[in-house]
Amino acid sequence: MFNDLSFDLGVGELLWVEGENGSGKTSLLRILAGLAPAEAGEVSWRGAPARTLGEDFARELLFLGHANGLKDDLTVTENLRYAARLGGIPATAATIGAAVSAVGLAHRAHLAVRHLSQGQRRRAALARLWLDGARALWILDEPFAALDADSIERLAARIGAHLDQGGAAVLTSHQEVAVAARRIQHLRLAN
Amino acid sequence: MRDAFLAVFSRDVVQAWRRRADWFTTMFFFVVVVTLFPLGVGPESGMLKAIAPGVLWVAALLAAMLSLPRVFAADHADGTLEQLLLVPQPLTVLVLGKVAAHWLLSGLPLALMAPVLGLQFGLGGEALGVLFLALLIGTPCLSLIGAIGAALTLGLRGGGVLIALLVLPLYIPVLIFGSGAIDAVAAGTGASAHLSLLAACCLVALAVSPWATAAALRIALE
């Protein structure tokens, strides 16, 4: 799908992966997250192969894929509470409520996810960035898809704040969105 | 680690409770299949008593198997399985949480219902007690082995039939010792030997299944 690919992602930096449908953006992100093995080559994290780090790498990684990772029958709040418990981060009703408000779903917080629109589901999934955002590396697959202009702006600001606090992020997007970062690398995958 | 186990377990239980119709169909299947036999075979009590252990156990195996695709398939579809793989906890512990939830939702109700259904076959009090005990010990084994099959067939076409082909042969020891325990009561030799062997099967499954399932899940999601 792609070869001869190499990049470094430093503190406060953003890697913007571009390319047509089917060019391997999602595959690259899954390889970076450790969900799929690379046919050749290696992903390193803080100088060590990410593969060998296991849970230490997982603790610093926040991955949001194509699928939202939400349970349809649970409410937005419940979904976030379980995500926090699994991630081992302390989450109170207040912090979850704040995360839900940050994505503009406060009035939908106690609604089962299956009653939400596509864009609202995406926002519910993205609420994890506010709840669980202390992790150093964010890998986001099409985070801006299905969002309205207002939400895109808020998300871009959140990513900017994360980078400002010494984080790093990798994301794919078809849209041009202005994100404040020390350095933005663009990686264009050819088909 | 314990919190992650409990989180997976309670999420599955809460979610299943909101979709309880799905689980009730499995239980209803068990009731209907078991009830068909006295109706089909006729009311001769000697015959019914003789076939009761086998019928109840085979129906329990099939009912447990029917609910298996639900263990991972929905999580796979909505992306929660992907997130589970990225949780900074051993995947085996999370798998055990899911298996425990599956047992609570399918195995335990089977064990609770079986003695009532056993009455239709004219089983005596002691045999009904052993039937309950055998199912209580044996159903965790069904969930553990079933999880391997569910993980291996994840995302495959015709996964439901494949699960049956994979899992049912592995259920044979459970079937033999489980129904053997009830037969042993009828023969007057006592059921403890069979129940011990059944428990041994469960311990082997407990030692193998979480790792095999975790490995199968990682492969399925590559």
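The structure presented is a predicted model; accordingly, all values stated were derived computationally and were not measured. Any value given below was found using the heavy atoms of this structure, including those in side chains, with hydrogens, waters and symmetry copies removed.
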Do you know which of B:R218, B:R18, B:Q89 has the most heavy-atom pairs with chain A at a distance under 4.5 angstrom?
B:R18
Chain A contact via B:Q83 - side chain, backbone, both or neither, heavy atoms under 4.5 Å:
side chain
Atom pair CZ (A:R122) and CG (A:L155), whose distance is rounded to the nearest 0.5 Å:
9.5 Å
Heavy-atom distance under 4.5 Å to chain B: side chain of A:R121, backbone, both or neither?
neither
Indicate whether any N or O donor in one side chain lies under 3.5 Å from an N or O acceptor in the other, for B:R70 and B:T26.
yes
Assess whether a salt bridge exists between A:K25 and A:E18, defined as any Lys/Arg side-chain N lying under 4.0 Å from an Asp/Glu carboxylate O.
no
Part of A:L61 lying under 4.5 Å from any heavy atom of chain B
side chain
If we define contacts as heavy-atom pairs under 4.5 Å, which of A:N68, A:D56, A:L70 has the most with chain B?
A:L70
What I'd like to find out is whether the side chain of A:V113 reaches to under 4.5 Å of the side chain of A:Q120, using heavy atoms alone.
no
Applying the side-chain contact (heavy atoms from CB on, under 4.5 Å) criterion to A:W138, which one of A:V170, A:I159, A:L171, A:L163 satisfies it?
A:I159
Under 4.5 Å from a heavy atom of chain A, the part of B:L85 involved
side chain
First locate atom SG of B:C141, then atom CG of B:L198, and finally report the distance between them rounded to the nearest 0.5 Å.
7.0 Å
Cut-off 4.5 Å, heavy atoms of chain A, and the answer for B:I219 is neither
I'd like to verify something: which residue of A:A67, A:A125, A:A58 has the highest number of heavy-atom pairs under 4.5 Å with chain B?
A:A58
In terms of heavy-atom pairs under 4.5 Å with chain B, which of A:K71, A:R81, A:E78 leads?
A:K71
Please check if any side-chain donor atom of B:H102 sits under 3.5 Å from a side-chain acceptor atom of B:S143, or the reverse.
yes
Go through the atoms of B:L94 and report whether side chain, backbone, both or neither lie under 4.5 Å from a heavy atom of chain A.
side chain
Chain B shares the most heavy-atom pairs under 4.5 Å, among A:G65, A:P37, A:A83, with A:P37
Under 4.5 Å from any heavy atom of chain B, what part of A:L64 do you find: side chain, backbone, both or neither?
both
Out of B:V8, B:D75, B:L86, which one racks up the most heavy-atom pairs below 4.5 Å with chain A?
B:L86
Region of B:R19 that comes under 4.5 Å of a non-hydrogen atom in chain A:
side chain
Mind checking the CG-CG spacing from B:L152 to B:L162? Nearest 0.5 Å is all I need.
10.0 Å
Quick one: do A:E60 and A:R46 make a salt bridge, cutoff under 4.0 Å?
yes
Please rank B:A74, B:S10, B:G79, B:A77 by heavy-atom pairs under 4.5 Å with chain A and give me the top one.
B:S10
Is B:R20 close enough and on-axis enough to B:W17, meaning under 6.0 Å and within 45°, for cation-pi?
yes
Residue from B:V87, B:L84, B:L81, B:D78 scoring the most non-hydrogen pairs under 4.5 Å with chain A is B:D78
Using heavy-atom distances under 4.5 Å, tell me whether A:R85 contacts chain B through its side chain, its backbone, both, or neither.
both
Test item: side-chain donor near acceptor, A:S173 and A:W16, under 3.5 Å:
no
